[in-house]
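Everything numeric here is computed off the predicted structure, so don't read it as measured data.
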Amino acid sequence: MTPANPDTEYTLHIRNMVCNRCILVVRTELERLGIRPLSVELGTVRLSRAPEADELGAVRAALEPLGFELIDDPRARWVERIRGAIIEWVRGDVDRRGPFSDWLSRRLGRDYASLSRLFSESTGTTVERCLTAQKIERAKELLTYGEESLEQIADELGYSSAAYLSARFKSVTGLTPTAFRALGTHRRKPLDEV
């Protein structure tokens, strides 16, 4: 929990918030506990005041069984912010014109090199590998629906061609997208495990 504005607002940082349903679940749990957040976004909750120790314990107890975790370590908060931004980028919730590295730097207000170094040191993988893994999971999701062609999926994920997406997909999963779609048993990972 960190002060967003030292005079009035406080921010809770929460690990494993990866989608709009996560935002809804966290908001619902907080409201059930009688805590009215000012805002709930991927990885953060803004409150009008710092919660009391017993309220914070109740928040922890309510969120942990649902797979969420309060983050106290500042470096871990940055990692979650980076991971959340990667998911936003891949899901297409933002304007994806220009290089990802430029967008991430603007989005988080820090230079890309320092974000990348922090992420690598903290997770043991690179931002680029995480971005690729998230793209492949999104491709799996879209392939499972069967509503879009491989060309459309490649375009949606920012790949230059279906052939390039197919090569990346096979290097990560061991299967071509066509073989994955044909399996029928779709081996997807939850986004918080990617």
Side-chain angles (χ1 to χ4, degrees), residues 1-23 26-27 37-48 50 56 59 63 67-142 153-161 164-165 167-169 171-173 189-194:
M1 174 178 55
T2 60
N5 174 340
D7 296 327
T8 58
E9 295 180 8
Y10 286 84
T11 302
L12 297 175
H13 298 274
I14 303 173
R15 180 175 283 127
N16 296 331
M17 290 181 68
V18 296
C19 64
N20 289 334
R21 282 184 300 276
C22 295
I23 291 170
V26 168
R27 178 181 294 282
L38 297 172
S39 69
V40 181
E41 298 176 10
L42 290 179
T44 61
V45 173
R46 280 187 28 240
L47 303 172
S48 61
L56 197 54
V59 169
L63 295 181
F68 303 110
E69 178 185 342
L70 292 179
I71 306 170
D72 298 321
D73 175 43
R75 289 176 61 89
R77 286 187 215 134
W78 275 106
V79 168
E80 285 304 305
R81 289 184 68 195
I82 294 166
R83 187 169 288 142
I86 290 169
I87 291 168
E88 284 179 287
W89 174 271
V90 170
R91 309 273 317 159
D93 298 337
V94 297
D95 180 2
R96 293 190 285 188
R97 285 179 286 180
F100 172 76
S101 57
D102 292 347
W103 176 84
L104 184 66
S105 183
R106 282 190 314 275
R107 172 79 170 83
L108 299 181
R110 286 181 68 176
D111 69 289
Y112 182 76
S114 68
L115 291 170
S116 180
R117 186 174 40 259
L118 170 75
F119 192 85
S120 296
E121 289 170 358
S122 299
T123 66
T125 191
T126 65
V127 168
E128 293 79 14
R129 283 190 183 141
C130 184
L131 178 61
T132 297
Q134 289 291 343
K135 283 182 171 185
I136 297 305
E137 286 307 311
R138 178 69 172 150
K140 287 179 182 180
E141 179 182 357
L142 296 171
I153 294 170
D155 185 55
E156 183 174 328
L157 295 175
Y159 286 106
S160 58
S161 68
Y164 187 62
L165 167 59
R168 296 297 291 163
F169 192 94
S171 74
V172 172
T173 67
K189 294 180 185 175
L191 292 181
D192 60 336
E193 292 179 15
V194 175

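- Here the shortest heavy-atom pairing between Tyr159 and Ile136 reads OH-CD1, 4.2 Å.
- No side-chain heavy atom of Glu9 sits under 4.5 Å from any side-chain heavy atom of Ser48.
- In this structure, CG on Asp73 lies 7.5 Å from OG on Ser122, to the nearest 0.5 angstrom.
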Practice problem: Begin with the C-alpha distance, continue with both residues' side-chain angles, and end with the deciding distance and a verdict on side-chain contact (heavy atoms from CB on, under 4.5 Å) for Phe169 and Lys140. | Solution: CA-CA 9 Å; Phe169 192 94; Lys140 287 179 182 180; 3.8 Å; yes

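- In this structure, Ile23 and Met17 have side chains that are in contact, with non-hydrogen atoms separated by less than 4.5 Å.
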Quiz item: Do Asp102 and Ser105 pass the side chain to side chain donor-acceptor pair (under 3.5 Å) test, and can you show the C-alpha distance, the side-chain angles, and the key distance before you say yes or no?
Solution: CA-CA 5 Å; Asp102 292 347; Ser105 183; over 6 Å; no

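- At a threshold of 4.5 Å between non-hydrogen side-chain atoms, the residues Phe100 and Val127 count as touching.
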Practice problem: Might you work through the side-chain contact (heavy atoms from CB on, under 4.5 Å) test for Ile71 and Val79, ending with a clear yes or no? | Solution: CA-CA 10 Å; Ile71 306 170; Val79 168; over 6 Å; no

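- One distance of note links CG of Leu70 with CG of Leu56; it measures 5.5 Å at 0.5 Å rounding.
- Using a 4.5 Å heavy-atom cutoff, the side chains of Thr44 and Ile14 are not in contact.
- To the nearest 0.5 angstrom, Leu104 atom CG is 6.5 Å from Ile86 atom CD1.
- Each of Glu137, Glu156, Lys135 was checked for a side-chain contact (heavy atoms from CB on, under 4.5 Å) with Val90, and the lone residue meeting it is Lys135.
- Using a 4.5 Å heavy-atom cutoff, the side chains of Val45 and Val59 are not in contact.
- Within a 6.0 Å radius of CZ in Arg75, more than 12 heavy atoms belonging to other residues, nucleotides or ligands are found.
- The CD atom of Glu128 lies 9.5 Å from the CZ atom of Phe119; values are rounded to the nearest 0.5 Å.
- Contact record, Ala154 with Ser161: CB-O, 3.6 Å, taken as the closest heavy-atom pair.
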Quiz item: Stepwise, does the side-chain contact (heavy atoms from CB on, under 4.5 Å) test hold for Arg117 with Ser120?
Solution: CA-CA 5 Å; Arg117 186 174 40 259; Ser120 296; 5.9 Å; no

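- Of all non-hydrogen atoms in Tyr10 and Ala50, the two that sit nearest each other are CD1-N, 3.0 Å.
- Considering only heavy atoms from C-beta on, Leu47 stays 4.5 Å or farther from Thr11 through its side chain.
- One finds the SG atom of Cys130 at 7.0 Å from the CD1 atom of Ile87 (value rounded to the nearest 0.5 Å).
- The existence of a salt bridge linking Asp95 and Arg97 is confirmed by a sub-4.0 Å separation between a basic side-chain nitrogen and an acidic carboxylate oxygen.
- Salt bridge status for Glu41 with Arg46: absent, with no side-chain N to carboxylate O gap under 4.0 Å.
- For the residue pair Gly98 and Trp89, the shortest heavy atom distance occurs at O-CH2, 3.6 Å.
- Of all the heavy atoms in Leu157 and Ala139, the pair that sits closest is CD1-CB, 3.7 Å.
- For Leu42 against Gly84, the heavy-atom pair with the smallest separation is CD1-O, 4.1 Å.
- Separating the CZ atom in Arg168 from the OG1 atom in Thr132 is a distance of 4.5 Å, to the nearest 0.5 Å.
- With salt bridges taken as basic N to acidic carboxylate O contacts below 4.0 Å, none links Arg77 and Glu80.
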Quiz item: How far apart are the C-alpha atoms of Glu141 and Arg91, what are their side-chain angles, what is the distance that settles it, and do they pass the salt bridge (charged side-chain N to carboxylate O under 4.0 Å, His left out) test?
Solution: CA-CA 11 Å; Glu141 179 182 357; Arg91 309 273 317 159; 2.7 Å; yes

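- Geometrically, Arg83 does not engage Trp78 in a cation-pi contact defined by less than 6.0 Å to the ring centre and at most 45° from the axis.
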